[in-house]
Amino acid sequence: SSPMTIENIGLIPVISQQALPLDEWGNQLIKRAFDVLFSLLFLILIASWLFPILMLLVKLTSKGPVFFKQQRWGLNNSHINVYKFRTMYFLAPTSRADGTFIQTEEEDNRVTPLGKFLRKTRFDEFPQFVNVILGDMSLVGPRPERQFYIDQIVQVEPQYTHLTRVRPGITSWGQVKFGYAENVEQMLQRMKFDLIYLKNRSLALDIKIMFYTVIIVFKAQGK
């Protein structure tokens with residue numbers, strides 16, 4: 001087995017592995033196969049009719065492109081392009097004069113009325129199933145963040161870099177237990193749950209997280 005250390009994140013002790021044990025490679029292959037199979041079924045059975053409807057609604061309700069692309073971190077600190085349905089008004093400001101990003105808030109006038117619905121139901125994330133097929137993302141894994149925020153987070157908690165040992169996910173344990181993070185402080189709080197997931201990840205846990213995510217979608221509890 002690989003060497004482990006116990007580190008504190010806030011008041012929560014977290015066991016961290018320094019390397020992936022060899023006997024987990026089989027589990028990773030199973031996880032990848034599950035990701036691809038589930039995503040293909042979703043794209044064929046649901047996205048094939050839902051995507052055209054959502055694309056038409058986005059196009060009819062506000063000017064601008066249907067999809068939104070943003071560069072975020074991926075596996076082993078690689079950069080990936082994450083795709084979403086556009087939820088903001090076209091050319092809405094995303095950064096301040098000093099170059100810092102404007103994080104989306106609960107009541108944000110940059111978000112379109114349809115965009116609010118897409119965010120609540122998390123329908124805006126559905127194009128990321130394509131990211132899963134491409135191998136950039138997994139169904140379940142720590143949510144990918146922008147480098148701008150990662151640089152700030154690692155100054156406070158260097159352990160955040162452990163999250164890049166796995167593919168980022170469409171949903172995560174942190175997303176289910178904590179929810180959407182609007183600032184660095186909240187990202188640090190959510191990180192605790194994602195590090196716990198990293199230690200305990202399994203296909204059974206992934207299915208459990210996906211089940212909770214479906215509940216959030218139907219209850220429209222996203223942000």
Side-chain angles (χ1 to χ4, degrees), residues 7-12 14 16 67-111 115-116 118-120 122 124-128 130-132 134-199 201 209 213 216 221-223:
E7 304 168 278
N8 290 319
I9 303 174
L11 299 177
I12 301 178
V14 174
S16 299
F67 296 103
F68 171 75
K69 180 179 73 172
Q70 192 173 70
Q71 189 179 79
R72 301 199 176 192
W73 64 262
L75 178 65
N76 296 326
N77 292 308
S78 61
H79 284 93
I80 61 174
N81 288 317
V82 174
Y83 296 93
K84 297 183 179 183
F85 284 112
R86 180 175 56 82
T87 59
M88 289 188 178
Y89 290 104
F90 186 49
L91 299 180
T94 57
S95 60
R96 302 179 179 86
D98 59 2
T100 58
F101 287 105
I102 305 174
Q103 192 74 350
T104 309
E105 300 176 348
E106 182 72 30
E107 295 295 332
D108 197 319
N109 57 17
R110 296 175 300 160
V111 179
K116 292 178 181 179
L118 295 177
R119 285 170 175 261
K120 284 287 185 181
R122 294 193 179 172
D124 63 318
E125 310 276 359
F126 281 4
Q128 289 166 34
V130 176
N131 284 112
V132 175
L134 295 175
D136 295 332
M137 297 179 66
S138 177
L139 294 174
V140 178
R143 286 295 295 164
E145 284 299 341
R146 284 169 284 187
Q147 192 64 50
F148 173 81
Y149 290 110
I150 293 176
D151 292 341
Q152 297 180 63
I153 293 170
V154 296
Q155 291 181 12
V156 181
E157 283 291 356
Q159 294 178 81
Y160 189 88
T161 57
H162 293 335
L163 300 184
T164 63
R165 291 168 50 211
V166 298
R167 286 186 179 90
I170 296 178
T171 188
S172 70
W173 189 233
Q175 198 83 349
V176 166
K177 297 297 289 184
F178 183 85
Y180 181 76
E182 296 181 355
N183 51 53
V184 172
E185 182 179 350
Q186 292 179 3
M187 291 174 187
L188 286 166
Q189 293 295 319
R190 186 176 65 186
M191 176 193 70
K192 301 173 185 177
F193 297 102
D194 287 330
L195 284 171
I196 292 172
Y197 166 80
L198 189 65
K199 171 61 181 69
R201 65 191 185 279
I209 292 171
T213 302
I216 292 172
Q221 293 178 335
K223 292 183 180 180

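Predicted model, so just to flag it, every value in this text is computed and none were measured.
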Problem set entry | Evaluation steps, side-chain contact (heavy atoms from CB on, under 4.5 Å), between Ile216 and Gln175 | CA-CA 10 Å; Ile216 292 172; Gln175 198 83 349; over 6 Å; no

Validation row: [X], [Y] side chains within 4.5 angstrom (heavy atoms):
X: Ser138; Y: Val166; value: no
X: Met88; Y: Arg119; value: yes
X: His79; Y: Arg146; value: no
X: Phe68; Y: Tyr83; value: no
X: Ile196; Y: Lys177; value: no

For this session: Please state whether the rings of Phe85 and Phe67 are parallel, tilted or perpendicular, taking 30° and 60° as the class boundaries.
Result: parallel

Problem set entry | Stepwise side-chain contact (heavy atoms from CB on, under 4.5 Å) check, Lys84 with Arg122 | CA-CA 10 Å; Lys84 297 183 179 183; Arg122 294 193 179 172; over 6 Å; no

Work out which heavy atom in [X] is nearest to a heavy atom in [Y]; give both atom names and the distance.
X: Ile170; Y: Met137; answer: N-CE, 3.7 Å
X: Pro168; Y: Asp136; answer: CD-O, 3.7 Å
X: Gly174; Y: Asp194; answer: N-OD1, 3.0 Å
X: Leu198; Y: His162; answer: CD2-O, 3.4 Å
X: Arg165; Y: Leu75; answer: O-CD1, 3.3 Å
X: Gln186; Y: Phe178; answer: O-CE2, 3.6 Å

Problem set entry | Residue among Lys192, Arg190, Met191 satisfying side-chain contact (heavy atoms from CB on, under 4.5 Å) with Leu188 |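 Exactly one pass, corresponding to Met191.
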
Exercise. Does the pair Leu163 and Glu145 meet the rule for a side-chain contact (heavy atoms from CB on, under 4.5 Å), with working shown?
Worked result: CA-CA 11 Å; Leu163 300 184; Glu145 284 299 341; over 6 Å; no

To the closest 0.5 Å, what do you measure between [atom1] ([X]) and [atom2] ([Y])?
X: Asn77; Y: Ile150; atom1: CG; atom2: CD1; result: 7.5 Å
X: Thr87; Y: Lys116; atom1: OG1; atom2: NZ; result: 11.0 Å
X: Arg86; Y: Asp124; atom1: CZ; atom2: CG; result: 12.0 Å
X: Arg201; Y: Ser172; atom1: CZ; atom2: OG; result: 14.0 Å
X: Lys120; Y: Leu118; atom1: NZ; atom2: CG; result: 13.0 Å
X: Gln71; Y: Phe148; atom1: CD; atom2: CZ; result: 15.0 Å

Problem set entry | Gln70 atom CD, over 12 foreign heavy atoms within 6.0 Å | yes

For this session: Check whether the side chains of Gln147 and Asp151 place a donor and an acceptor atom closer than 3.5 Å, and report yes or no.
Result: yes

Exercise. Can you check whether Pro158's main-chain N or O pairs, donor with acceptor, with Thr161's side chain at less than 3.5 Å?
Worked result: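 Yes; at least one donor-acceptor contact below 3.5 Å.
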
Exercise. Are Gln152 and Met187 close enough, and set up right, to give a side-chain contact (heavy atoms from CB on, under 4.5 Å), and what steps lead you there?
Worked result: CA-CA 10 Å; Gln152 297 180 63; Met187 291 174 187; over 6 Å; no

